[in-house]
Amino acid sequence: MNAPAKAFDDFFSDIQSALGADAVNRSDETILRYGENTMPGGDRPPAGVVYPGSTADVQAIVRAANTHRVPLYPISTGNNIGLGSRSASSAGQVVIDLGRRMNRILEVDERMGFAVVEPGVSYQAMYDELVRRGDKWMLDVTSGPPQGGMLGNALDKGAGYTPYFDHFGFSCGMEVVLGSGEVLRTGDGSLDRDTLVNWHTSKYSFGPILDGLFTQSNYGIVTRMGVWLLPRPPVVQSFHFAFPDDGDLEEIVELCRPLKLSNFVPTLFRVANDLYLSGSEGESPDYRVSRGKRSLPDDARRALREKVGVGAWNVSGAFYGPSAAAVEPMIQRVRDHFGKSGKARYISHDEAKAIPPLQVSINAFSGIPSLGELGLLKWRPGGGNIWFTPGTPMDGRLANEFQTIGRSIHAEFGMDYMVMNVCGPRFARGLHVMTFNREDKDECARADACYRKLSESFASRGVFVGRAPLDYHAMHMGQTMESFRAACSGIKRALDPNGVIAPGRYGIA
Ligand SMILES: Cc1cc2nc3c(=O)[nH]c(=O)nc-3n(C[C@H](O)[C@H](O)[C@H](O)COP(=O)(O)OP(=O)(O)OC[C@H]3O[C@@H](n4cnc5c(N)ncnc54)[C@H](O)[C@@H]3O)c2cc1C
C-alpha cells in the first residue's frame, strides 16, 4: 500500500480532529524512536504515531485509515525485542501505540482467577497489582522485558514457564476491531447482549473459535483480553542439574520426557546451554580478540562455564506445594531420576539463588518479572538481536541432531550458539538467541545469512519456526504450502478488505 503524502496528512488531521491534538505525534524524535529495532535489516521509521484511548478511538483510527488508504501497525507495549521491537512491518506505516493510553486492568476476579486487560498492561504492572491485592494469584510471565505486555505477547504466541505457560492458550475472550472498523467479541462474548457472564471464563463457546485468527496475523486490532491466573503456591522449590558435555542433550531430553508426560513436574523444563546462561553475565570474552568473527572457542567456553557455575547443558524445573517439607520428596524423586545418568550435577534451589542466570529461572517459575536475561543483549556490542525459534520432538536423538546442525551453521557464520530448549511432554521450543554487532556491516550480514541458512536447513528437515523477527516474515510465509497462503490472504480480504492493518505482517499482504 503506497499512499501519497497528502493521504497521510489528511489522515493525521482527521485523527487530530476526532481524538485531539495529543493523539498524534509526527516529530522526528518520535519517528526515530518508533522505527528502532535490533534486526539486521535496519530501522523502519513510521509515518507517525497515534495514541488511542478507547476502543471507539481505535475504530475511528481504522475508519480514517480506510478512507485515506493509510497502513496502520498496532503495538501494545512494543517490547518485542529481537522480533521487531516496536517497529512496523515496513517503514512508512502509522504505528498505533495502544499501550500509552489503553493500559488499564479492567477487572481482577479473585474467585474465578482471571484478569481482563487492555493492551498496555505490562507484566510488571499486573504483577504489582496482584501483590497489592495480597499476592494470592500468580501470573505466568516471560523471562524477557518486564515492561512487555500480556496482550501483545499472547497475540505473538509468546510463552512462559509455569503450568500456565501458553499465553494464548490461557487467554480467554477478546474484543477486536476488524479492518472494517467493526467490533467483534470472541468466544462467549459473541452473544449479542449487554450483560456477558462467561466471556472470560469459557474458551469454547458456540461457533468457530475465532480468537486464534488474531495471533501472528494482521486481521484485527485487539483492544481487550481475558487472562487466566494461577493461585500462588505458598512454596516454589526449584531444582537444577548441570551436565558436562554438549552431547548430553540427548540423554537430558529422554530424562525430561517421562516427567512431563505424567505431569509429575508441573513447570516446563528450561534446558539451556552454557552460553545461553553465561551470555547474560557480561560481554563475550573473545569478542574484542576476534572482533566478532568467530564463535567462542571451546576452551573459552569451558572457562566461562566454570566462572558462572553452570554446565554445557543445564536443566531447571520447579515444584509447587504448601511447604518446603511437602515438596522435598518430589525433589528427591527427580534427583534419583536424573542421578541415573551418572553425569548430572545437582544444584539445589538455595545454591541456584546465588547463580544469577538460574535465579532468572526461579523468577520465571515463580511468576516474577525480572531483568536478568536482558543481559544477553550485551553479549556482543552494537545492539543487534534476533531469535530463531525452531522446535524438536522430545526425542533425544533428534534433538541432538538439530544441535549438531545448529552449532555448525552458527560456527560457519562466526556466531555464538546460545540456545534454551523449553521442554514440554512431546515438544521443545528451541530458543536460539543471536546477539551481534549491528553497527558492524559484515557481522550484521553474517547474522542475517546465519538466520536464513538455519531457517532453510531446519525447514529441509521438516522443522518450522514458532515465531519470527519481522525481517523474515515474508521468507517464512514463502515456506508454507500454497493453500495455507491462499487461506491467509482470503481471510485478510474478508476481515480487512482494504488491507489497512499491518500489511505484510507474518507475510500476509
Ligand atoms: C532476553 C529476552 C528474553 C525474552 N524472553 C521471552 C520469553 O520468555 N517469552 C516470550 O514469549 N518472549 C520473550 N522475549 C521476546 C519479547 O521481548 C517478549 O515476548 C515481549 O513480551 C513481547 O513484547 P510485548 O509484550 O511488548 O508485545 P508488543 O510488542 O506490544 O506486541 C507484539 C506484536 O504483536 C502485535 N500486536 C501487539 N498488540 C496488538 C494488538 N492489540 N492487536 C493486534 N496486534 C497486536 C504487533 O504486531 C506487535 O509487534 C524475550 C526477549 C528478550 C530480549
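Sequence positions, counted from 1, serve as the residue numbers for this chain. No experiment lies behind these values; they were computed from the predicted model shown. In each ligand, atom 1 is the first atom listed, and ligand 1 is the first ligand listed.
- A cation-pi arrangement is absent between R452 and Y472 under the rule of less than 6.0 angstrom and at most 45 degrees off the ring axis.
- Annotation: atom 14 (N) of ligand 1 to nearest protein heavy atom, G144 CA, 4.4 Å.
- Closest to atom 26 (O) of ligand 1, if we only count protein heavy atoms, is T77 OG1, 2.3 Å.
- The nearest protein atom to atom 44 (N) of ligand 1, hydrogens excluded, is given as L155 CD1, 3.7 Å; this is a heavy-atom distance.
- The proximity of L151 to ligand 1, defined as any non-hydrogen pair under 4.0 Å, is limited to the side chain.
- Ligand 1 lies nowhere less than 4.0 angstrom from a heavy atom belonging to H167.
- Of the polar atoms of S76, at least one N or O is found under 3.5 Å from an N or O of ligand 1, judged by distance alone.
- Where the criterion is an N or O separation shorter than 3.5 Å, residue side chain and backbone included, Y73 meets it with respect to ligand 1.
- Taking the side chain as every heavy atom from C-beta outward, N37 and L470 never approach each other to under 4.5 Å.
- Looking at V433 against ligand 1, nothing comes within 4.0 Å, counting heavy atoms.
- Of the polar atoms of E373, none of the N or O atoms is found under 3.5 Å from an N or O of ligand 1, judged by distance alone.
- Here's the thing with L374: none of its N/O atoms is less than 3.5 angstrom from an N/O atom of ligand 1.
- The side-chain heavy atoms of D471 and P40, taken from C-beta on, include a pair separated by under 4.5 Å.
- Judged by the 6.0 Å and 45° rule, K157 forms no cation-pi pair with F214.
- The distance between the ring centers of F388 and F458 falls below 6.0 angstrom.
- Polar contact with ligand 1: present for N153 (N/O pair, distance under 3.5 Å).
- T77 pairs by the side-chain contact (heavy atoms from CB on, under 4.5 Å) definition with N79, not counting sequence neighbours.
- The closest approach between any non-hydrogen atom of G220 and ligand 1 is below 4.0 Å.
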Please test R132 against D128 for salt bridge (charged side-chain N to carboxylate O under 4.0 Å, His left out), starting from the C-alpha separation and ending with a verdict.
-> CA-CA 6 Å; R132 191 188 68 76; D128 291 346; over 6 Å; no

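- With hydrogens left out, the protein atom closest to atom 17 (O) of ligand 1 is N79 O, 2.8 Å, a heavy atom.
- At least one test fails for R380 against the ring of Y287: distance under 6.0 Å to the centre or angle within 45° of the axis.
- Within the 4.5 Å cutoff, no side-chain heavy atoms of N314 are placed close to those of V271.
- Looking from atom 36 (N) of ligand 1 to the surrounding protein, the closest heavy atom is P74 O, 3.8 Å.
- A donor-acceptor pair is defined here as one N or O able to donate and one able to accept, closer than 3.5 Å; no such pair exists between the side chain of S85 and the backbone of I81.
- Near G158, the atoms of ligand 1 lying under 4.0 angstrom from a non-hydrogen atom of the residue are 11 (O).
- Against a heavy-atom cut-off of under 4.0 Å, G149 is close to the following atoms of ligand 1: 24 (P), 25 (O), 26 (O).
- Residue P145 has no nitrogen or oxygen atom sitting less than 3.5 Å from a nitrogen or oxygen atom of ligand 1, judged on distance alone.
- Counting atoms of ligand 1 from 1 in the listed order, those under 4.0 Å from a heavy atom of Y161 are 7 (C), 8 (O).
- Summary of contacts: the protein heavy atom closest to atom 9 (N) of ligand 1 is A159 O, 2.8 Å.
- Contact annotation: G84 has no heavy atom less than 4.0 Å from any atom of ligand 1.
- Using a 4.0 Å cutoff on heavy atoms, A502 does not count as a contact of ligand 1.
- Using a 4.0 Å cut-off between heavy atoms, R467 contacts ligand 1 through its side chain alone, with no backbone atom that close.
- Some N or O of V222 is nearer than 3.5 Å to an N or O of ligand 1, by distance alone.
- Both tests pass for R100 against the ring of Y51: distance under 6.0 Å to the centre and angle within 45° of the axis.
- No close placement of the F170 and F165 rings is indicated, their centers lying 6.0 Å or farther apart.
- Taking any N or O of Q147, backbone or side chain, none lies under 3.5 Å from an N or O belonging to ligand 1.
- Here's the thing with G78: one of its N/O atoms is less than 3.5 angstrom from an N/O atom of ligand 1.
- Applying the side-chain contact (heavy atoms from CB on, under 4.5 Å) rule to Q479 yields the partners S455, E456, A459, F464, H476; only residues at least two apart in sequence or on another chain are considered.
- Ligand 1 has no N or O atom lying under 3.5 Å from any N or O atom of T142, backbone or side chain.
- Proximity of W387 to ligand 1 is established by a heavy-atom distance of less than 4.0 Å.
- Side chains of Y219 and I508 form a contact here, defined as non-hydrogen atoms less than 4.5 Å apart.
- Summary of contacts: the protein heavy atom closest to atom 31 (O) of ligand 1 is G152 CA, 3.6 Å.
- Protein heavy atom in closest approach to atom 34 (O) of ligand 1: R505 NH2, 3.3 Å.
- Side-chain contact between N421 and W313 is present, with heavy atoms from C-beta onward closer than 4.5 Å.
- Side-chain contact between P231 and W137: present, with at least one pair of heavy atoms (C-beta onward) separated by less than 4.5 Å.
- Within 6.0 Å of the CD atom in E36, the count of heavy atoms belonging to other residues, nucleotides or ligands exceeds 12.
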